[in-house]
Chemist: 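Would you mind keeping the following structure in view while I ask a few things?
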Amino acid sequence: MKDIVLMGHIVGGFPTKKTSLQAAQGIIEAGAKYLEVQFPFSDPSADGIVIEEACNIALKNGFKIQDGFDIVQELSQKAEILIMTYANIVFRYGVENFVKKAKESGAKGLIIPDLPIYQDEGLRKFAKKFHLYVVELITPNTTQERIKILSQKSQGEFIYAVARAGITGSKTIISQDLFDYLDRIAKNCDKKIALGFGIQSYKQIQAIKDKIDIVVAGSYFVKQITKDSSKRSLFDHTLKLFNP
């Protein structure tokens with residue numbers, strides 16, 4: 001049996017900068033090794049209604065890119081922080097400037113789901129220059145050949161397996177198809193496997209724990225933050241994923 005670790009997720013600035021920090025601290029203190037800090041975007045194409053609404057609230061409340069970097073810097077000594085955002089934000093900020101600032105803020109890596117591997121405007125080159133890794137995403141439709149390519153190009157220790165087609169938020173059905181998909185990745189990839197999209201319960205994690213190395217819970221945490229963003233609440237909900 002593998003010992004799997006948790007990657008939590010917050011939307012920076014949701015519901016406020018202060019409370020998003022408090023929520024993140026609760027997730028980390030309960031045992032998350034990794035934390036995605038999402039820089040909100042007005043059209044988060046990979047995200048469902050829960051995260052989309054959180055992004056809209058953060059932006060309405062005045063979130064700025066610098067706020068995201070501030071949050072990363074505050075948390076960077078407590079967990080391995082990854083910045084998750086969309087290509088438009090990176091391009092508008094300036095690719096090299098964004099990567100450099102991410103590094104200076106203490107981030108370890110970047111997750112940019114809508115950034116093509118061969119049309120990245122130099123992002124992966126700059127990430128290598130500043131010693132950040134870019135997390136490559138694999139989906140159920142990714143071919144065996146492309147899995148090998150993504151594994152080879154991945155600069156970090158893991159790749160991100162998207163559990164199903166579609167957007168975040170809906171619960172993922174743990175099925176033989178999912179097991180087969182994870183086996184296909186393992187056979188064609190020499191990286192650890194992080195699995196996300198629709199992971200919301202202890203029961204799901206128990207079903208897949210022998211197939212993956214990192215479980216990613218995104219909408220699960222944003223839902224809890226929507227109800228109660230206190231550090232204690234997020235600490236308790238983090239524990240429930242592994243100790244019901």
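Note that these values count all heavy atoms, side chains included, but never hydrogens, waters or copies made by symmetry.
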Chemist: Could you check whether any side-chain heavy atom of Phe197 comes within less than 4.5 Å of a side-chain heavy atom of Val216, counting everything from C-beta outward?
Modeler: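 No - every pair of side-chain heavy atoms lies 4.5 Å or more apart.
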Chemist: Does a side-chain heavy-atom distance below 4.5 Å link Glu96 with Phe130?
Modeler: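 The answer is yes; the side chains approach within 4.5 Å.
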Chemist: Going hydrophobic residue to hydrophobic residue with side-chain gaps under 4.5 angstrom, can you get from Met84 over to Val5?
Modeler: yes
Chemist: If you measure only the distance, is there a donor-acceptor pair under 3.5 Å linking the side chains of Asn141 and Thr139?
Modeler: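 Absent: no donor and acceptor within the cut-off.
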Chemist: To the nearest 0.5 Å, tell me how far Phe158 CZ sits from Ser151 OG.
Modeler: 13.0 Å
Chemist: Classify the side-chain pair Gln206/Lys209 by whether it contains a donor and acceptor separated by less than 3.5 Å.
Modeler: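 Looking only at side-chain atoms, Lys209 and Gln206 do form a donor-acceptor pair, the distance falling under 3.5 Å.
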Chemist: Using the rule given for side-chain contact (heavy atoms from CB on, under 4.5 Å), can you reason through Phe98 versus Ile89, listing the C-alpha separation, both sets of side-chain angles and the distance that settles it, and then say yes or no?
Modeler: CA-CA 9 Å; Phe98 189 96; Ile89 285 179; 4.1 Å; yes
Chemist: Quick one, Ile199 with Tyr220, criterion side-chain contact (heavy atoms from CB on, under 4.5 Å). Give me CA distance, side-chain angles, the key distance, then yes/no.
Modeler: CA-CA 7 Å; Ile199 305 301; Tyr220 170 83; over 6 Å; no
Chemist: Please report the C-alpha distance between Met7 and Lys33 in whole Å, then the side-chain angles of each, then the deciding distance to 0.1 Å, and finally whether the side-chain contact (heavy atoms from CB on, under 4.5 Å) criterion is met.
Modeler: CA-CA 6 Å; Met7 183 187 298; Lys33 178 179 178 180; over 6 Å; no
Chemist: If every non-hydrogen atom of Pro40 is compared with every non-hydrogen atom of Leu59, which pair is closest and at what distance?
Modeler: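 Between these two residues, the closest heavy atoms are O-CD2, 3.9 Å.
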Chemist: Backbone N or O of Gly13 within a donor-acceptor pair of the Asn61 side chain at under 3.5 Å?
Modeler: no
Chemist: Quick check: do Phe63 and Ile57 have side-chain heavy atoms less than 4.5 Å from each other?
Modeler: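 No, every pair of side-chain atoms sits at 4.5 Å or beyond.
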Chemist: Does a salt bridge link Lys231 with Glu29, judged by any charged N lying under 4.0 Å from a carboxylate O?
Modeler: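 Salt bridge flag = yes for Glu29 with Lys231.
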Chemist: Hey, does the side chain of Tyr181 reach the backbone of Val162 with a donor-acceptor pair shorter than 3.5 angstrom?
Modeler: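 Judged by distance alone, yes, a pair lies under 3.5 Å.
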Chemist: Side chain of Asn188, backbone of Arg184: donor and acceptor closer than 3.5 Å?
Modeler: yes
Chemist: Using side-chain contact (heavy atoms from CB on, under 4.5 Å) as the criterion, list what pairs up with Ile117, not counting sequence neighbours.
Modeler: Arg124, Glu136, Arg146, Leu150, Lys153
Chemist: Using every non-hydrogen atom in the two residues, find where Cys55 and Phe41 come nearest and quote the distance to one decimal.
Modeler: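 Closest heavy-atom pair between Cys55 and Phe41: CB-O, 3.7 Å.
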Chemist: Under a 3.5 Å distance rule, please check whether Thr238 uses its side chain to pair with a backbone N or O of Leu234 as donor and acceptor.
Modeler: yes
Chemist: Report yes if the side chains of Tyr160 and Ile138 come closer than 4.5 Å at any heavy-atom pair, otherwise no.
Modeler: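 Tyr160 vs Ile138: side chains apart.
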Chemist: Measure the shortest side-chain to side-chain distance between Lys129 and Lys100 over non-hydrogen atoms and say whether it is less than 4.5 angstrom.
Modeler: no
Chemist: Where is the tightest heavy-atom contact between Tyr86 and Gln38, given as atom of each residue plus distance?
Modeler: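 Heavy atoms of Tyr86 and Gln38 come nearest at CE1-NE2, 4.1 Å.
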Chemist: Measuring from Thr142:OG1 to Ile159:CD1, what's the distance to the nearest 0.5 Å?
Modeler: 9.0 Å
Chemist: Looking at Asp183, Ile185, Ile193, which one forms a side chain to side chain contact (heavy atoms under 4.5 Å, CB included) with Lys211?
Modeler: Asp183
Chemist: Treating Ile, Leu, Val, Met, Phe, Trp and Tyr as nodes and any side-chain heavy-atom pair under 4.5 angstrom as an edge, say whether Ile10 and Phe235 lie in one connected cluster.
Modeler: no
Chemist: For Lys125, what residues pass the side-chain contact (heavy atoms from CB on, under 4.5 Å) criterion, not counting sequence neighbours?
Modeler: none
Chemist: Where do Leu35 and Ala24 come nearest, in terms of heavy atoms and distance?
Modeler: CD2-CB, 3.6 Å
Chemist: Can you give me every donor-acceptor pair (side chain of residues 64-78, partner residue at least two apart or in another chain, under 3.5 Å) with its distance?
Modeler:
{"unit_1": "Gln66", "atom_1": "NE2", "unit_2": "Asp70", "atom_2": "OD1", "d": "2.8"}
{"unit_1": "Asp67", "atom_1": "OD1", "unit_2": "Lys17", "atom_2": "NZ", "d": "3.3"}
{"unit_1": "Asp67", "atom_1": "OD2", "unit_2": "Lys64", "atom_2": "N", "d": "2.8"}
{"unit_1": "Asp70", "atom_1": "OD2", "unit_2": "Lys17", "atom_2": "NZ", "d": "2.8"}
{"unit_1": "Ser76", "atom_1": "OG", "unit_2": "Gln73", "atom_2": "O", "d": "3.1"}
{"unit_1": "Lys78", "atom_1": "NZ", "unit_2": "Glu74", "atom_2": "O", "d": "3.2"}

Chemist: Do Asp177 and Ser175 pass the side-chain hydrogen bond (donor to acceptor under 3.5 Å, both in side chains) test, and can you show the C-alpha distance, the side-chain angles, and the key distance before you say yes or no?
Modeler: CA-CA 5 Å; Asp177 286 344; Ser175 65; 4.7 Å; no
Chemist: Determine the minimum heavy-atom distance between Gln155 and Leu132, stating which atoms define it.
Modeler: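 What the structure gives for the nearest pair is OE1-O, 3.4 Å.
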Chemist: Rounded to the nearest 0.5 Å, what separation is found between the CZ atom of Phe91 and the CG atom of Leu115?
Modeler: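 The CG atom of Leu115 is 5.0 Å from CZ of Phe91, to the nearest 0.5 Å.
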Chemist: Taking side chain as C-beta onward, heavy atoms only, is Val99 less than 4.5 Å from Leu110?
Modeler: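 A side-chain contact exists here, since the closest heavy-atom pair is under 4.5 Å.
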Chemist: Measure the CD1-CZ distance between Ile27 and Phe221 for me, rounded to the nearest 0.5 Å.
Modeler: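 Ile27 CD1 to Phe221 CZ: 4.5 Å, rounded to 0.5 Å.
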Chemist: Donor-acceptor pair, Ser233 side chain versus Ser229 backbone, under 3.5 Å?
Modeler: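 Looks like no, no N/O pair under 3.5 Å.
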Chemist: So, Thr19 versus Thr16: side-chain donor-acceptor pair below 3.5 Å or not?
Modeler: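 Distance-only check passes for Thr19 and Thr16.
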Chemist: Kindly compute the distance separating CD (Glu157) from CD1 (Ile214), expressed to the nearest 0.5 Å.
Modeler: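 Output value for this atom pair is 6.0 Å.
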Chemist: Go through the steps to decide whether Ile205 and Ile4 satisfy the test side-chain contact (heavy atoms from CB on, under 4.5 Å), and finish with yes or no.
Modeler: CA-CA 9 Å; Ile205 293 172; Ile4 63 172; 3.4 Å; yes
Chemist: Any side-chain heavy atom of Leu241 within less than 4.5 Å of one from Leu6?
Modeler: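 Leu241 reaches Leu6 side chain to side chain.
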Chemist: Taking all atoms of both residues into account, what is the closest heavy-atom pair of Leu239 and Ala30, and its distance?
Modeler: CD2-O, 3.6 Å
Chemist: Going by atom types only, do Asp180 and Gln176 share a side-chain donor-acceptor pair under 3.5 Å?
Modeler: yes
Chemist: At what distance, to the nearest 0.5 angstrom, does CZ of Phe126 lie from CG of Asn97?
Modeler: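 These two atoms lie 9.0 Å from each other.
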Chemist: Side-chain contact test, heavy atoms from C-beta onward, threshold under 4.5 Å: evaluate it for Glu145 versus Lys148 and give yes or no.
Modeler: no
